[in-house]
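Here the structure is laid out as structure tokens; the discussion comes afterwards.
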Amino acid sequence: MLAASLFDPLYKVVGLLLAFLYYPTHSLGIAIIVLTLIVMLVQFPLIAKQTRSMILMQRVQPEIKRIQQKYKDDRQKQNEELLKFYQENKINPLAGCLPLLLILPIGIAVLGTFRHPGIEYHIPRSGTFSKLYVDVCGKTSIQPKDCGDAIKKHAPSALHFLGMHLNLSAANAASDGIMTALPYFVLLALVIFTGWYQVRQTQARQLQQGAAAPNAQMQAVTKIMPIFFGVISYGFSAATTIYFVVSNAWRIGQQHFVLNKMYEEEHAKPLPGSSAPPAGGTDGKPDGGGAGSGPDKGSANGASGPSPNAARRKKKKRKR
């Protein structure tokens, strides 16, 4: 009850947004998809900030480990040197965690609005955007509890989307036969696939950056997690599962089109506290091997010396 009372204002905000998006479309499914995209868009600046901070912390890890090793016998001095290093290079080690404090409540609010006791408790019952409540419950005079009981017996057309009842889960639909449950299980498959693809994207990026391959235990965990979310979604309403699928699809596109480029840009910058260009030179190409660099073509093993033609000319001159 405490959690519900704490998040109730956020539930009301999400419910109002759903009612607002439903008003022009008359489709709750489309309203949920658009709401999810809006939530992801709002979260993006926080995700970008978190990603940049995480990249920076990864890049300075060798220096942090050097300081920790140097002062391993003096924890107070170690903490002082680390703090000094962070201050000199304007690094906030908590910057990667702070955005999560804002992102998590948003996700909890959206999921909580779709889940028990139901969206009828959170959408407006009066005013311009009361149409969703009317289409779900019949009329505004009906109490949310009575509306919820009626919905369980017969879902109104406002809750129909792509062959599903948005208030039902795959577990609910399974008892009505395979054909009735099929759209719900397709949705579960999409949750698993999009989750797996996100993991694959992340691992591919890490390997491109030269990171060590994850150990067998971590690989097992990353393979199990998408399936785990699919199993959890089995008991969630179709509305909640749609939120999962759309948010996963957004993150896949975000990773491909934005975050990968961000990683490249951040790794091209010099390390904090260093005026030297990043590895590979300022043009991003490996040093050496190009025109004007490396050993002379006529030298052996990089050692300088006369070419074979010059040696023969000298020999002929001595004979004369």
Side-chain angles (χ1 to χ4, degrees), residues 1-43 104-173 176 180 183-184 187-188 190-191 229 232-248 250:
M1 293 298 294
L2 179 61
S5 64
L6 285 173
F7 287 100
D8 193 60
L10 289 176
Y11 297 156
K12 294 294 185 185
V13 171
V14 174
L16 179 60
L17 282 173
L18 273 177
F20 171 76
L21 295 169
Y22 178 83
Y23 188 76
T25 63
H26 293 186
S27 171
L28 184 56
I30 292 175
I32 290 169
I33 292 171
V34 175
L35 173 68
T36 307
L37 295 176
I38 291 172
V39 169
M40 294 294 108
L41 190 62
V42 169
Q43 290 180 357
L104 284 176
I106 295 174
I108 291 171
V110 173
L111 294 177
T113 303
F114 296 150
R115 296 187 66 200
H116 182 79
I119 64 168
E120 64 271 12
Y121 283 82
H122 309 299
I123 54 180
R125 295 174 58 191
S126 60
T128 305
F129 303 117
S130 62
K131 180 169 179 53
L132 177 57
Y133 192 90
V134 172
D135 288 353
V136 169
C137 299
K139 49 187 177 180
T140 57
S141 60
I142 297 177
Q143 295 298 314
K145 185 179 183 304
D146 296 330
C147 176
D149 293 337
I151 288 172
K152 290 176 183 177
K153 296 175 183 177
H154 176 72
S157 59
L159 293 177
H160 293 186
F161 184 67
L162 298 178
M164 298 177 289
H165 293 169
L166 295 174
N167 61 313
L168 297 182
S169 66
N172 301 138
D176 295 330
T180 301
Y184 298 86
L187 206 57
L188 293 181
L190 288 173
V191 170
F229 273 104
I232 289 178
S233 299
Y234 179 75
F236 284 168
S237 68
T240 305
T241 313
I242 288 172
Y243 173 79
F244 284 157
V245 171
V246 176
S247 58
N248 282 353
W250 171 281

K12 side, atom NZ; L17 side, atom CG - distance, nearest 0.5 Å: 13.5 Å
Under the rule for side chain to side chain donor-acceptor pair (under 3.5 Å), what residues qualify as partners of T240, not counting sequence neighbours? S237
Once side-chain contact (heavy atoms from CB on, under 4.5 Å) is applied, do any residues pair with K153, and if so which ones, sequence neighbours excluded? none
Could you check if a side-chain atom of Y243 sits within less than 4.5 angstrom of a side-chain atom of T113, using non-hydrogen atoms only? no
To the closest 0.5 Å, what do you measure between CG (L18) and CD1 (I119)? 6.5 Å
For L162, enumerate each residue passing the side-chain contact (heavy atoms from CB on, under 4.5 Å) test, keeping only those at least two apart in sequence or located in another chain. M164
Not counting sequence neighbours, which residues clear side chain to side chain donor-acceptor pair (under 3.5 Å) with S130? List them please. none
Salt bridge (charged side-chain N to carboxylate O under 4.0 Å, His left out) partners for D149, two or more places apart: K145
Would you list the pairs meeting side chain to side chain donor-acceptor pair (under 3.5 Å) in which at least one residue belongs to residues 21-35, sequence neighbours left out? Y22-D135
Within a strict 4.5 Å, meaning less than it, do heavy atoms of the V134 and T140 side chains meet? yes
For L111, does its backbone N or O pair with a side-chain atom of Y11 as donor and acceptor, under 3.5 Å? no
Side chain to side chain, Q43 and I106, heavy atoms closer than 4.5 Å: yes
Sub-4.5 Å side-chain heavy-atom contact between V246 and I242: yes
With sequence neighbours excluded, tell me which residues meet ring pair (Phe, Tyr, Trp, His ring centres under 6.0 Å) with F161. none
Beyond-backbone contact of Y133 with P124, side-chain heavy atoms, under 4.5 angstrom: no
Quick test of your reading: applying salt bridge (Lys or Arg N to Asp or Glu O under 4.0 Å), list the pairs with at least one residue in residues 157-172, sequence neighbours left out, ordered by first then second residue. none
Can you list everything that forms a side-chain contact (heavy atoms from CB on, under 4.5 Å) with L21? Sequence neighbours excluded, please. A31, V34, L35, I38
Nearest 0.5 Å please: distance from the CG atom of L37 over to the CG atom of L41. 8.5 Å
Can you find a heavy atom in the side chain of L28 that is under 4.5 Å from one in the side chain of L159? yes
Roughly how far apart are C147 SG and R125 CZ, rounded to 0.5 Å? 9.5 Å
Is Y234 close to L188 at the side-chain level, that is, under 4.5 Å between some pair of heavy atoms? yes
What I'd like to find out is whether the side chain of H160 reaches to under 4.5 Å of the side chain of L166, using heavy atoms alone. no
Looking only at heavy atoms, what is the nearest atom pair of V136 and A158, with distance? CG2-CB, 4.2 Å
Classify the angle between the aromatic ring planes of F244 and F236 as parallel (below 30°), tilted (30 to 60°) or perpendicular (above 60°). tilted
Residues at least two apart in sequence or cross-chain that pass side chain to side chain donor-acceptor pair (under 3.5 Å) with N248, listed by chain then number, are T194, Q198, R251
When rounded to the nearest 0.5 angstrom, what distance separates CZ in F114 from NE2 in H122? 10.5 Å
Sequence neighbours excluded, the answer for ring pair (Phe, Tyr, Trp, His ring centres under 6.0 Å) partners of Y121 is none
Closest contact, heavy atoms only, A155 versus H165: CB-ND1, 3.7 Å
Residues that F229 engages under side-chain contact (heavy atoms from CB on, under 4.5 Å), provided they are two or more places apart: V191, M225
Hey, what do you get for OH (Y184) to CG (N172), rounding to the nearest 0.5 Å? 8.0 Å
